[in-house]
Student: 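Got a structure for you, written out below as structure tokens; questions coming shortly.
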Amino acid sequence: MNKNELLQLLINSNVPQDLYSLKGGLPNEALCLNEENGQWEVYYCERGIKSQIKKFGSEDNACEYFYKEIQDLLN
């Protein structure tokens with residue numbers, strides 16, 4: 001899965017857009033996906049602080065993990 005496919009899956013699953021960011025950054029109380037220098041990371045951001053950071057060598061692995069984590073947040 002790539003980032004665009006992940007976005008479509010999130011939209012089709014009616015996941016509220018304020019729960020996530022696929023552009024990285026430091027949004028408040030959101031799960032984030034970010035790519036930097038070929039390294040992908042998934043993290044939770046709250047009050048400008050990254051936590052629960054997981055790093056991946058592939059976009060596919062990062063996106064699969066991201067979707068599993070967002071589903072866990074909703075349940």
Side-chain angles (χ1 to χ4, degrees):
M1 173 182 336
N2 65 35
K3 194 161 75 166
N4 291 332
E5 292 167 335
L6 174 60
L7 178 59
Q8 279 308 124
L9 189 57
L10 293 168
I11 291 168
N12 293 342
S13 300
N14 295 315
V15 176
Q17 291 182 354
D18 62 340
L19 290 183
Y20 64 89
S21 170
L22 301 183
K23 299 177 183 175
L26 299 171
N28 193 38
E29 296 184 6
L31 188 65
C32 303
L33 175 71
N34 189 46
E35 184 271 328
E36 191 170 314
N37 300 322
Q39 182 86 7
W40 291 85
E41 61 181 13
V42 176
Y43 57 91
Y44 187 76
C45 186
E46 184 175 7
R47 291 185 241 151
I49 299 171
K50 291 182 184 181
S51 64
Q52 303 168 15
I53 302 168
K54 300 283 184 193
K55 296 189 182 247
F56 300 89
S58 77
E59 180 178 14
D60 179 65
N61 289 343
C63 290
E64 293 288 343
Y65 178 81
F66 185 98
Y67 188 68
K68 178 186 168 299
E69 287 297 302
I70 204 83
Q71 290 300 312
D72 287 349
L73 283 176
L74 294 173
N75 293 325

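Because only heavy atoms are used, hydrogens play no part in the values below, and waters and symmetry mates are left out as well, while side chains stay in.
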Student: Kindly compute the distance separating SG (Cys45) from CD (Glu29), expressed to the nearest 0.5 Å.
Tutor: 9.5 Å
Student: Between Cys32 and Gly25, what is the shortest heavy-atom contact and its length?
Tutor: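 Where Cys32 meets Gly25 most closely, the heavy atoms are SG-O, 4.3 Å.
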Student: So that I can tick it off, tell me whether Lys50 and Glu41 are bridged by a salt bridge, with the cut-off set at under 4.0 angstrom between side-chain N and carboxylate O.
Tutor: yes
Student: Applying a strict under-4.5 Å side-chain criterion to I, L, V, M, F, W and Y, I'd like to know whether Met1 and Leu74 cluster together.
Tutor: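 The answer is yes; both residues are in one hydrophobic cluster.
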Student: Using atom types as modelled and distance alone, determine if a side-chain donor or acceptor of Ser13 lies under 3.5 Å from a backbone N or O of Val15.
Tutor: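 No, Ser13 side chain to Val15 backbone: no donor-acceptor pair under 3.5 Å.
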Student: With a 4.5 Å limit on heavy-atom distance, are the side chains of Glu64 and Asp60 in contact?
Tutor: yes
Student: If we ignore hydrogens and angles and just use 3.5 Å, is the side chain of Glu69 paired with the main-chain N or O of Asp72 as donor and acceptor?
Tutor: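 Judged by distance alone, no pair lies under 3.5 Å.
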Student: Should Leu22 and Leu10 count as side-chain neighbours, where that means a heavy-atom distance under 4.5 Å?
Tutor: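 Of all side-chain heavy-atom pairs linking Leu10 with Leu22, at least one is under 4.5 Å.
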Student: Output yes when a side-chain donor or acceptor of Asn28 lies under 3.5 Å from a complementary backbone atom of Arg47, and no otherwise.
Tutor: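 Between the backbone of Arg47 and the side chain of Asn28 there is a qualifying donor-acceptor contact (under 3.5 Å).
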Student: Answer yes or no: does atom CD of Gln17 have more than 12 heavy-atom neighbours from other residues, nucleotides or ligands under 6.0 Å?
Tutor: no
Student: Tell me, please, which residues at least two apart from Glu59 pass salt bridge (charged side-chain N to carboxylate O under 4.0 Å, His left out).
Tutor: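 Salt bridge (charged side-chain N to carboxylate O under 4.0 Å, His left out) check on Glu59 returns nothing, list empty.
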Student: Is the backbone N or O of Asn4 less than 3.5 Å from a side-chain atom of Asn2, with the two atoms forming a donor-acceptor pair by type?
Tutor: yes
Student: Parallel, tilted or perpendicular: which one describes the rings of Phe66 and Tyr20, with boundaries at 30° and 60°?
Tutor: perpendicular
Student: Between Tyr44 and Gln52, is any pair of side-chain heavy atoms under 4.5 Å apart?
Tutor: yes
Student: Could you check if a side-chain atom of Leu73 sits within less than 4.5 angstrom of a side-chain atom of Leu31, using non-hydrogen atoms only?
Tutor: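 They are in side-chain contact.
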Student: Please confirm whether the backbone N or O of Gln71 pairs with a side-chain atom of Asn75, one donor and one acceptor, at under 3.5 Å?
Tutor: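 Answer holds: yes.
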Student: With a 4.5 Å limit on heavy-atom distance, are the side chains of Cys63 and Leu33 in contact?
Tutor: yes
Student: Using side-chain heavy atoms (C-beta onward) and a distance below 4.5 Å, is Lys54 in contact with Tyr43?
Tutor: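 Not touching, per the 4.5 Å side-chain cut-off.
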Student: With a 4.5 Å heavy-atom cut-off, do Asn34 and Trp40 have their side chains touching?
Tutor: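 With C-beta onward as the side chain, the pair stays apart.
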